[in-house]
Amino acid sequence: MLELPELDHVRGALTNRFAGAPITGIEVTNSKTFQVNVDEWRKDIVGAVVWFIERRGKHLLFHLDNGKRLILHLTQAAYLYIGSAEDAPDKTAQVQIKFGERFVYAVGLRSESIKLLSVREVEEMFSELGADPLDKKLTLNRFIDRFAKKRSSIRQALLDTSILNAIGSAYADEILFRAGLLPDAKIPLLEKETWERLYEAMHNVLQEAISYGGAGDYPFAADDQLTGGYISKFKVYNREGEPCPTCGAAILKLEQSGRKAYYCGTCQKDK
DNA sequence: AGTTATACCCGGACGC
DNA sequence: TGCGTCCGGGTATAAC
């Protein structure tokens, strides 16, 4: 499971280790599937220095000093691992970025999830995508505006990547619980005060999760003790039948357009 | 025409 | 170990 906090967590680890370091090599397994010409890429990548690593939605962007951006889109069961040739993950890594003796392994990538773009192409790509939930430019009013024309349930909209990026099932459930809002609450019925609660809950939950190292399933390196620290902090996600930490009522599960939503039927209201 | 709902894709996980 | 099956985020397509 990778959502915003997990990606922010690994982004920080990557920046700490590799900011200012030159890339010495890159390998892409099964490059036909990924429709990537690795030999062409090497001209731009090998020898380039990584300034820093940025997260935008569920994408990680390696900023290179030659103006190129190496982009990994991490979804589903994907994860990154920092190790050596001997200390590699068990699973097939579709991408290996080499920094001397240390490699960044990307496991579980889907096709179309590796890109090497210019700055201009990056801006075009992200102009189509939703706002980053923790972007400082996403003020309360702009947050509300993004939902203005929607008539769906609030949970579906939270998962809509054209509205917000990088929130998945787990954090959608946790944010709605924190806000005291039911997953099937209808957007047109929500009032300003509810939006304020939701906006604040989104920031609090995501930032708290980042501070606990996220809820990722795999450590990003052999000495990583932090990753997954937030799994035990989930209050409703994946906890059907367990008591609500606030009121003690059993956590419920709802099927919503084929997606599972976990919530407390007592603490969460429809507006 | 714009939104919402459904179908399908495809790595990984799991069971046999 | 390998195959079939399920899962679920993302995306394309259908329905409204």
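Below, read A as the first sequence line, B as the second, and so on, with proteins coming before strands; counting in each chain starts at 1.
For A:Q256, the side-chain contact (heavy atoms from CB on, under 4.5 Å) partners are A:S153, A:R155, A:Q156, A:P183, A:D184, A:L254, not counting sequence neighbours. Applying the side-chain hydrogen bond (donor to acceptor under 3.5 Å, both in side chains) rule to A:R55 yields the partners A:D8, A:D132; only residues at least two apart in sequence or on another chain are considered. Evaluation of the side-chain contact (heavy atoms from CB on, under 4.5 Å) rule for A:A209 yields A:P5, A:Y171, A:Y230 as partners, not counting sequence neighbours. Taking the salt bridge (Lys or Arg N to Asp or Glu O under 4.0 Å) definition, one finds that A:R42 meets it with A:E27, A:D39, sequence neighbours left out. Residues satisfying the salt bridge (Lys or Arg N to Asp or Glu O under 4.0 Å) test with A:K137, not counting sequence neighbours, are A:D135.
As rounded to whole Å, 16 Å separates atom C1' of B:dT4 from atom CG of A:D184. A straight line from OH of A:Y79 to C1' of B:dG11 spans 12 Å, rounded to a whole angstrom. Atom CG of A:D217 is separated from atom P of B:dG12 by 14 Å (rounded to the nearest Å). Atom P of nucleotide B:dA13 and atom CG of A:L2 are separated by 12 Å, given to the nearest angstrom. Distance, A:H73 NE2 to B:dG11 P: 15 Å, rounded to whole Å. B:dT3 atom C1' lies 6 Å from atom CZ of A:R151, rounded to whole Å. Atom pair A:L158:CG and B:dT4:C1' shows a separation of 16 Å (rounding to whole Å applied). We find that CD1 of A:I187 is positioned 10 Å from P of B:dA5, with the value rounded to whole Å.
Under 4.0 angstrom from either OP1 or OP2 of B:dT6 there lies no side-chain N or O belonging to A:Q256. A:Q94 has no side-chain polar atom (N or O) that falls below the 4.0 Å cut-off from OP1 or OP2 of B:dG11. The side chain of A:K91 contributes no N or O atom lying less than 4.0 Å from OP1 or OP2 of B:dG12.
As judged by a 4.0 angstrom heavy-atom cut-off over every strand, A:G168 is placed among residues making no nucleic acid contact. Residue A:R110 is classed as a base contact, given a heavy-atom separation below 4.0 Å to a base.
Salt bridge status for A:R197 with A:E200: absent, with no side-chain N to carboxylate O gap under 4.0 Å.
Between A:Y105 and A:Y81, the angle of the ring planes lies from 30° to 60°, which puts this pair in the tilted group.
In 5' to 3' order, the nucleotides of DNA chain C bounding all contacts with chain A (an atom under 4.0 Å from a heavy atom) are C:dG8 to C:dG10.
Each of A:D160 and A:Y218 was assigned the nucleotide of DNA chain B with the nearest heavy atom; the assignment lying further toward the 5' end belongs to A:D160.
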